[in-house]
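This report concerns only the one structure given below.
Start at 1 and go down the list; that is how both ligands and their atoms are numbered. Sequential numbering from 1 along the given sequence is applied to the chain's residues.
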Amino acid sequence: MSVREGKKKPWGGRFAGKTHRLVERYTASIHFDRRLYRHDIQGSIAHAKALARAGLLEKIELEKIVVGLKEIEQEIERGDFPFDPALEDIHMNIEHRLIQKVGEVGGKLHGARSRNDQIALDLRLYLREEIQAIQEPIRSFQRALVGCAEANLDIIMPGYTHLQRAQPVLLAHHLLAYFEMFERDRERLSDCQKRVNILPLGSGALAGVSLPLDRSYVARLLQFPTLSQNSIDAVSDRDFIVEFLAAVSILQMHLSRFSEELILWASAEFGFITLPDAFATGSSMMPQKKNPDVAELCRGKTGRVYGALMAMLAILKGLPLSYNRDLQEDKEPLFDAVDAVKASLEILTALFTRLTFNRERLREAAEEGLLNATDAADYLALKGMPFRKAHEVVGRLVRSCLEKGKRLEDVSLEEFRRFSPLFDKDILRFLSLEACVDRRKGIGGTARRSVVRAIRQAKKRLVS
Ligand code: ARG
C-alpha cells in the first residue's frame, strides 16, 4: 500500500497544511484493524438505523447507506476493496468508500458518532465472537480428554510430585486434571464475556451525543444486554481486553503445561507416548530424530500471549481519561494472542487424539520406585499405629528395599514382620497397584470408581 501524501482528511477543514507522509505512515492502523471490517459494518448499519429512527435519516437514505455498506463488505471479502493507508483506519476507509458509492448522504452516517465509541464497539463485537470461537475448541479438547480417559480406564501410571514418581494413578485421572483446568478456562471466558457484552455506542467522542439517539434500540439490534453507563469510561475502557488476555494467558499456560508433559512423555527417558508421525518433525542432520516441535511451539507461543497481556497493561497504566491514541496499540497484541491461542488449541487437540499411550511402559514406571510405600504406612495406621510412626517404620523398610534393589511386593511376610508385627499376610494384596489406586475412592480420588463418576460428571458439564 502506498501512502498518498496529503490526502484530504475528514478533519481537513481545520487544517491549512497537509499531513506529513511520516505521520500518515506512523499513525495508520489499516494494515491491522481491517480485521474488524465486519464488525465495523455491523455497527454502522445499526447506527444508521438508529439515526433513521431519530428522524436524522430519510428511509431512502437509510436504504442507500445499508446497501452501500453491504456492498463494501462484499468488496472486502472478494479482496477488491481499495484500502488506503492515508485514510488511517478501517472506519475512515469504509466511510470514504461509502461516500464514493452512495454520494453525500454517506456523510450522514457519522452523525452522533465518534471513532472513539466506534472502535470501542468494533472491539467488543469482535471479542464477543472470538470468545465463543475459543470456548468451542476448548470444549472439543475436553471431549477428547474424556473420551481418552474412558477408553483407557485400565492404564495405571506413576503420578508425580517434584517430577519424582509419587503414587500410582490412573492415566484417566491424570488426563481429567486437564479437563478441570480447561473447565475453569471456559468459566473465566464466560465471565469476561459479561463485561465485553456492553454497548459503548452513543458515548460519542467522550461526553455522549446531543442528537436524540435511542441507545436501547441500538443495543437490541446488536444484541447487547447492557449499555455502558458513563461515556467517558466507555471510550477509554479496555479492561475487557485485559481480562480477556488474562483469561487466555491462563488457558495458554494450561496448554503449555500439557505440551511440556507431552514433550517429556515422548522422550526415550519416559517413553510413555508415541507421537503420530504426522504431528512430529525430523532433524535435517540426525536421521534418527523424531521431535515434538508442535508441543514445543505451543509452549513457546505462551510467551507471546503473556506478552500481549503485559503490553495491554503497560499501554493503559499512564493514560488520563478518556480516549488517547495510545489505545490504537491494543489491537496487534490482542489479535496476535487470539491467533496463537486458537491455533494452539486446534493443533494440540488434533495431536492428542492421535497419540499412542505405551501402556506397558506406563505400568513398568508405576511399578518401579516403591510408589506403594504410602499405602504400606496406611496399612499400619489402619492397624492402630500412629501415622508418623508408621511412616518411619516404612521408611526403614524402603531403605532396606533400596539397598537390596527390591520392590515392596518382593518382600516376604517374615521380612515385613521384622519391621513391624502388625504386618499380616494380607499385606501383599494390599500393596498391589490396583489396590493402591482403588483405595482412593473419595470424590476427586484416582480410584476407578471415582474416575468413572468423574467421567460421567464431566460429560454432563460438557453439554450444559
Ligand atoms: N484507530 C483508532 C483506534 O484504533 C480509532 C479511534 C481514533 N480516534 C481518534 N480520535 N483518533 O483507537
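- Judged purely by distance below 3.5 Å, without hydrogens or angles, the side chains of Arg143 and Thr349 never pair a donor atom with an acceptor atom.
- With Asp89, Asn116, Asp122 as candidates, the residue nearest to atom 5 (C) of ligand 1 on a non-hydrogen basis is Asp89.
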Go through the steps to decide whether Asn152 and Leu175 satisfy the test side-chain contact (heavy atoms from CB on, under 4.5 Å), and finish with yes or no. CA-CA 10 Å; Asn152 295 290; Leu175 294 177; 5.8 Å; no
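- Classification of the Phe258-Tyr178 ring pair by plane angle, with boundaries at 30° and 60°, yields perpendicular.
- Under the 4.5 Å side-chain criterion, counting only non-hydrogen atoms from C-beta, Ile131 is in contact with Cys192.
- Here Gln118 has no heavy atoms under 4.0 Å from ligand 1, in either its backbone or its side chain.
- Between Ile119 and Asp89 there is no side-chain heavy-atom pair separated by less than 4.5 Å.
- Ring geometry for His174 versus Trp265: interplanar angle of 30 to 60°, hence tilted.
- The closest protein non-hydrogen atom to atom 1 (N) of ligand 1 is Gln328 OE1, 2.8 Å.
- Shown in contact with Tyr323 at under 4.0 Å from a heavy atom are these atoms of ligand 1, numbered in order with element: 2 (C), 3 (C), 5 (C), 6 (C), 7 (C), 8 (N), 9 (C), 12 (O).
- If you number the atoms of ligand 1 from 1 as listed, the ones under 4.0 Å from a heavy atom of His91 come out as 5 (C).
- Scanning the protein heavy atoms around atom 11 (N) of ligand 1, the nearest turns out to be Arg115 NH2, 3.4 Å.
- The closest protein non-hydrogen atom to atom 4 (O) of ligand 1 is Lys331 NZ, 2.6 Å.
- By the 3.5 Å distance cut-off applied to N or O atoms, Arg238 is not counted among the residues near ligand 1.
- Ligand-side atoms of ligand 1 in range of Ser29: 1 (N), range being under 4.0 angstrom from any heavy atom.
- Residue contacts with ligand 1, taken as heavy atom pairs separated by less than 4.0 Å, do not involve Glu88 at all.
- The aromatic rings of Phe335 and Tyr126 sit perpendicular, their planes meeting at an angle over 60°, well past the 30° parallel limit.
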